[in-house]
Amino acid sequence: MLNDASTVHADLSLTLSEAGAGRPVLILHGGGGPATVAGLAQHLSRIAHTLTPVHPGWDGTHRPAWLTGIDDLALAYLHTLRERGLRDVLVVGSSLGGWIAAEMAVRDNAGSITGLVLIDAVGVEVETEPITDFFALDARGVAEHAWHDSDRYYLDPADVPSEELARRQTNMATMRILAGDPYMHSPKLLRRLGHIRVPALLLWGESDRIVTPAYGAAYADAFGNGRLEIIPKAGHLPQIEQPEPTFALIDAHLRQTSNPFHQQ
């Protein structure tokens, strides 16, 4: 795996991990940080050329003061695809990363993106299915809302090393800046999704209580070419809780959506 710094602006360099060969796949992590998609990136690197950035402000990376919204991240990643001459790109986003992926697709005037995978994504407002206020949850509440098997994944804050606790708190502070107001969504995104014609696969853990499967169904329906698949016995991070069925669905979408004419 190659770790690289990709310069977007004079004061913004992206920390990026690259691995594998084949169709380009951009993998975007959620609020939990890069570790939440590490297993997925490792899996996909066996069959594709993966690019896995760390969002600015996560895990100690630099976030310039002007970078205050998900649209800023979407434009930064589109710029990176364009600068590297990448075409026929599949963008895979988990949670907050799924929101970034949708915003990228809305703005992709160059047609670099030919497929999307959104995993329990936030980003839109569904009036009947409000997004749980993650910031208001304690550790037990996070476990119960985010995981199917909450007892297995619950972590007592008293058992978390101070350095890890500090990293998580900094990540959460960054997430508040980028996605705290309006909370975890763009009021305009839902109605824009109908213009996205590339195939969008939305994967949803059946036990997700942060954004429910009904929220996922409304999200999928808003796309011009969207499809929802429910992952049994999984919560907000099915790529961790149920990797095999999750990876199988993504692998199939990777094959089905490839457009070699876009690679020219």
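Residue numbers count from 1 along this sequence.
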Are [X] and [Y] in one and the same hydrophobic cluster, where Ile, Leu, Val, Met, Phe, Trp and Tyr link if side-chain heavy atoms are under 4.5 Å apart?
{"X": "Trp99", "Y": "Leu75", "value": "no"}
{"X": "Leu40", "Y": "Leu203", "value": "yes"}
{"X": "Leu86", "Y": "Leu116", "value": "yes"}
{"X": "Ile177", "Y": "Phe135", "value": "no"}
{"X": "Tyr183", "Y": "Val142", "value": "yes"}

Side-chain ([X]) to main-chain ([Y]) donor-acceptor, under 3.5 angstrom:
{"X": "Ser258", "Y": "Arg255", "result": "no"}
{"X": "Ser112", "Y": "Val89", "result": "no"}
{"X": "Glu241", "Y": "Trp147", "result": "no"}
{"X": "Asp120", "Y": "Gly205", "result": "yes"}
{"X": "Thr50", "Y": "Ala19", "result": "yes"}
{"X": "Glu206", "Y": "Pro213", "result": "no"}
{"X": "Asp11", "Y": "Pro64", "result": "no"}
{"X": "Arg197", "Y": "Gly194", "result": "yes"}

Which heavy atom in [X] sits nearest to a heavy atom in [Y], and how many Å separate them?
{"X": "Pro56", "Y": "Leu73", "result": "CD-CD2, 3.4 Å"}
{"X": "Gly115", "Y": "Val198", "result": "N-CB, 4.2 Å"}
{"X": "Asn171", "Y": "Gly31", "result": "CB-O, 4.2 Å"}
{"X": "Leu96", "Y": "Ala179", "result": "CD1-CB, 3.8 Å"}
{"X": "Ala121", "Y": "Tyr219", "result": "O-CE1, 3.6 Å"}
{"X": "Leu189", "Y": "Gly123", "result": "CD2-O, 3.5 Å"}

Taking atom types as modelled, find out whether His49 and Glu18 have a side-chain donor-acceptor pair closer than 3.5 angstrom.
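His49 vs Glu18: donor-acceptor pair found between side chains.
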
Side chains of Arg23 and Thr257: do they bring a donor and an acceptor to under 3.5 Å?
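There is such a pair (donor and acceptor under 3.5 Å, judged by atom type) between the side chains of Arg23 and Thr257.
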
Side chains of [X] and [Y] in contact at under 4.5 Å (non-hydrogen atoms):
{"X": "Asp208", "Y": "His236", "result": "yes"}
{"X": "Pro199", "Y": "Gln256", "result": "no"}
{"X": "His43", "Y": "Glu244", "result": "no"}
{"X": "Val106", "Y": "Lys188", "result": "no"}
{"X": "Val91", "Y": "Tyr77", "result": "no"}
{"X": "Pro232", "Y": "Gln242", "result": "no"}
{"X": "Trp58", "Y": "Leu178", "result": "yes"}
{"X": "Leu26", "Y": "Pro53", "result": "yes"}

Take Leu12 and His79 through the side chain to side chain contact (heavy atoms under 4.5 Å, CB included) test and state the conclusion after the steps.
CA-CA 12 Å; Leu12 175 60; His79 174 85; over 6 Å; no

About how many Å separate [atom2] of [Y] and [atom1] of [X], when rounded to the nearest 0.5 Å?
{"X": "Leu118", "Y": "Leu28", "atom1": "CG", "atom2": "CG", "result": "9.5 Å"}
{"X": "Ile27", "Y": "Thr52", "atom1": "CD1", "atom2": "OG1", "result": "4.0 Å"}
{"X": "Arg167", "Y": "Glu163", "atom1": "CZ", "atom2": "CD", "result": "11.0 Å"}
{"X": "Asn109", "Y": "Leu78", "atom1": "CG", "atom2": "CG", "result": "8.5 Å"}
{"X": "Gln169", "Y": "Thr174", "atom1": "CD", "atom2": "OG1", "result": "12.0 Å"}
{"X": "Thr170", "Y": "Asp59", "atom1": "OG1", "atom2": "CG", "result": "9.5 Å"}

Candidate pair Leu190 and Glu125, rule side chain to side chain contact (heavy atoms under 4.5 Å, CB included), full reasoning
CA-CA 7 Å; Leu190 192 70; Glu125 184 176 28; over 6 Å; no

Partner of Leu202 under side chain to side chain contact (heavy atoms under 4.5 Å, CB included), chosen from Val117, Ile230, Leu228:
Leu228

Among Val211, Val126, Thr212, the one residue meeting side chain to side chain contact (heavy atoms under 4.5 Å, CB included) with Ile131
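Single side chain to side chain contact (heavy atoms under 4.5 Å, CB included) partner of Ile131 among Val211, Val126, Thr212: Val211.
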
Using side chain to side chain contact (heavy atoms under 4.5 Å, CB included), reason through Ile210 and Met184 one step at a time and then give a plain yes or no.
CA-CA 11 Å; Ile210 294 174; Met184 291 295 165; over 6 Å; no

Strictly under 6.0 Å, is that where the ring centroids of His55 and His29 end up?
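Ring centroids of His55 and His29 are less than 6.0 Å from each other.
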
So, are Arg168 and Glu164 salt-bridged, with charged N and O less than 4.0 Å apart?
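A salt bridge links Arg168 with Glu164.
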
Give the intermediate values and the outcome of side chain to side chain contact (heavy atoms under 4.5 Å, CB included) for residues Leu137 and Glu144.
CA-CA 10 Å; Leu137 299 175; Glu144 290 175 352; over 6 Å; no

